[in-house]
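Proteins get letters first, then strands, A, B, ... in listed order; numbering begins at 1 in each.
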2 protein chains.
Amino acid sequence: MSLLKKKVKTMEELSQVINISRPTLSKYFHDAQSVREKTRAKIEEALEHYDYRPNIYAVNQNRRLTKTIGIVVPYLADPFFAEIARNIETRCIDAGFAPSLFSSHGQPDQEIDILDNLRSVKPAGVLLAPLGRISNVREVERFCRDVPTILFDSNISDLGEAFVGSDNYSFVSQSVKYLCDTGEPPCFFEMRTPANPNANKRREAYIASMAEQGCEANVIKIEGEGWDFEEIGYGGALKALEEHTLSTNTVLCSNDRLAIGFLAACYEKGLRVGAGTGCSLRVASHDDHPYSRFTCPPLTTVAHDYESVSSSSVKTLIQLIESGGRLPNRTEQRFPARLVRRMSA
Amino acid sequence: MSLLKKKVKTMEELSQVINISRPTLSKYFHDAQSVREKTRAKIEEALEHYDYRPNIYAVNQNRRLTKTIGIVVPYLADPFFAEIARNIETRCIDAGFAPSLFSSHGQPDQEIDILDNLRSVKPAGVLLAPLGRISNVREVERFCRDVPTILFDSNISDLGEAFVGSDNYSFVSQSVKYLCDTGEPPCFFEMRTPANPNANKRREAYIASMAEQGCEANVIKIEGEGWDFEEIGYGGALKALEEHTLSTNTVLCSNDRLAIGFLAACYEKGLRVGAGTGCSLRVASHDDHPYSRFTCPPLTTVAHDYESVSSSSVKTLIQLIESGGRLPNRTEQRFPARLVRRMSA
DNA sequence: GAAAAAATTTTACGCGCGTAAATTTTTGTT
DNA sequence: AACAAAAATTTACGCGCGTAAAATTTTTTC
């Protein structure tokens, strides 16, 4: 079918074979409803017989606004970000935009490189999940001044036109309460110097939640840099188990990837994890990572509201775009999380 | 520093403040070595004081060839593809290209949409890991005729100018030999209708390898569609364990993600997996998925030569680009794999 | 040191399309 | 049916840059 269509290179040519002016065609492609019905019929009939695609470079050179939306995540090899990126991508397409996905791969200079390239793409807007603590904040700020940007997942105060993410307090208060209600109060297992600002919020929420429960907080900080969280969690867990630094039989990990490493270490040490009899340790965590269902035992965790976060991110961005790139005031939206009970605690 | 630079919008303006002609500047940006040294010095000195970025849309409209490389993978939420995409991305950047990453999300129509969009981007070349069996082969073929494309990971015969991937026989012969040498010969655990063509190659290799070892082959086909391999593996394993359809104590999974599901089912059933005493089952697999180190027990698997596959993919594509989009004959490159012994077998 | 050759720069034109302003056609009113 | 108002179409121009061909400068040759 489409193989038989004659290729037409330019809008000019097409306008000639169809016997209307090129600008009318241009209008049609911009908004099919803006031309008279008879003209539209002629155009669409011609489109059946000719294979024509507007030159996006010529289009974008002249249009004030591109239809591109940049999506930047800190680490795409993390299935959590892959999943949320997929969700956001789909919503952008449905809204008539062309999403363009980038990963900083955990490196601040890569993040800036991406933003620099993005700048010359002149995107309608950008959804940015920044690296966090290690981000080059000055450069990111400079970018946000030039391009309508909305932060998601990780907040950096005052950067971007809005923030959309999850409510870390909601995560931790639920996990702490659940663990306290069903057994010993948990210690908190985290990296000493986490790149992600959510980690700090979660620690604070842990301390506050423990106080609410009338329990004493105990934070275990493990060493390690970078994004190999499983490896870091594994190493830290081995050390903690060998040195018996755990003050309780219940461990609450800052995030699921650390917990996955923790569980691997427990298995290696022959420790049975879970709430049942014969178990020596309970482990819980936060994020509802795509793999947390398949750990051994399956991980009790607190789930992001993926749908709400991605939906709201895209909605807010489109609103931002429609109001010309600036919002009256910077809003911060945080969605509550949901406890997912599995076998590990 | 850069905040003080005066913004210059067009090459024209820049050429005026620097007092040379615009085309000379154009030459400089295309190839800095192509202008006289004194001129170059003048330009680079000006670039210190003025903030100018060429308009990529104007550039790409006029250049015969874009510097964009399209990378298309079937499922980015699979860390295997995320990892190989990252590797390839980096190599493209190092080679002076601008990679653009897309995921088909397991859907054939999405794959075609991506290729359609890619077509109007006029990329210098495309690295495509197709969905496989479910791909719309006719449309993919049409794309390959228009755009210089190299297939990787999954081969579709005669499509694209070349194929780069892993040698499935190398994977399976090693795992089968190892398992036979160290215990009972394995049965083969796979999806009944896998989308990925590598799965078929692996089954054939399993049967051939078992024959070589003088053992009888036994293939267990489980139900399930889509890309939720862990879930499918988990469900299939539960069924197989409950119905006692396993003819041996050794299971070789087609890929690591199925194995992750299999291990979860074993844990749930209270079966201890491994080669040691007290273990009732050995499980091994293929791919060396990023998470296979952290399963319980850690997964014995066979590793892709990630580096070679991605390096060769990019090299072959650049060679293709430099020879003007066509290669004398379609080559197929397959890299051998490497056995990784862990605790599961 | 003058003429020829080579390297560099400039002139001139076009890429494919968006869009304001001018023109034409259609619609609505009396 | 005549005319004004509204809607659609066309004319005319420009976007920022690549590039062939022409003009200039620099280097080489004897």
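- The CD atom of B:Gln33 sits 15 Å away from the C1' atom of C:dA7 (whole-angstrom rounding).
- Between B:Ile56 and A:Tyr57 the shortest side-chain heavy-atom distance does not fall below 4.5 Å.
- Summary of the strand contacts: A:Arg63 and B:Val35 both lie near DNA chain C, and taking for each the nucleotide with the nearest heavy atom, the more 5' one is attributed to B:Val35.
- Residue contacts shown for B:Thr10 are limited to sugar-phosphate atoms, with no base heavy atom under 4.0 Å away.
- Nearest-nucleotide positions on DNA chain C for B:Arg22 and A:Phe29 put B:Arg22 closer to the 5' end.
- In this structure, B:Thr24 reaches the C:dT10 phosphate: one of its side-chain N or O atoms is under 4.0 Å from OP1 or OP2.
- Annotation: B:Lys315, atom NZ; neighbour count of heavy atoms from other residues, nucleotides and ligands within 6.0 Å does not exceed 12.
- Side-chain contact, B:Ser135 with B:Glu111: a donor N or O sits under 3.5 Å from an acceptor N or O.
- Within the 4.0 angstrom heavy-atom criterion, base atoms lie near A:Ser21.
- Protein atom CZ of A:Arg36 is 15 Å distant from nucleotide atom P of C:dT24, rounded to whole Å.
- In the interface, the side chain of B:Gln61 is paired with the base of C:dG16 through a donor and an acceptor atom under 3.5 Å apart.
- We find that CD of B:Glu12 is positioned 12 Å from P of C:dT10, with the value rounded to whole Å.
- Ring pair B:Phe80/B:Tyr306 is perpendicular by interplanar angle, where above 60° counts as perpendicular and below 30° as parallel.
- When each of D:dC17, D:dG16, C:dG18 is scored by its nearest atom to the side-chain atoms of B:Lys9, the top-ranked nucleotide is D:dG16.
- Using a cut-off of 4.0 Å between Lys/Arg side-chain N and Asp/Glu carboxylate O, B:Arg91 and B:Glu89 are scored as not salt-bridged.
- The side chain of B:Thr39 sits closest to C:dT9 out of C:dC15, C:dT9, C:dC17.
- With rounding to whole Å, A:Asp31 atom CG is found 13 Å from C:dG18 atom P.
- The interatomic distance linking A:Tyr28 (OH) with C:dG18 (C1') rounds to 18 Å, in whole Å.
- Rounding to whole angstrom units, CD1 of residue B:Ile20 and P of C:dT10 are separated by 7 Å.
- In this structure, B:Tyr52 reaches the sugar-phosphate backbone alone: every heavy-atom distance under 4.0 Å involves primed, P, OP1 or OP2 atoms, never a base.
- When the side-chain nitrogen and oxygen atoms of B:Ser26 are compared with OP1 and OP2 of D:dC17, none of them lie within a distance under 4.0 Å.
- Among the protein residues, B:Lys27 comes within range of the nucleic acid bases, having at least one heavy atom under 4.0 Å from a base atom.
- When the C1' atom of C:dT9 is taken as reference, atom CZ of B:Arg40 falls 15 Å away, rounded to whole Å.
- Separating the NZ atom of B:Lys42 from the P atom of D:dT25 is a distance of 13 Å, rounded to the nearest angstrom.
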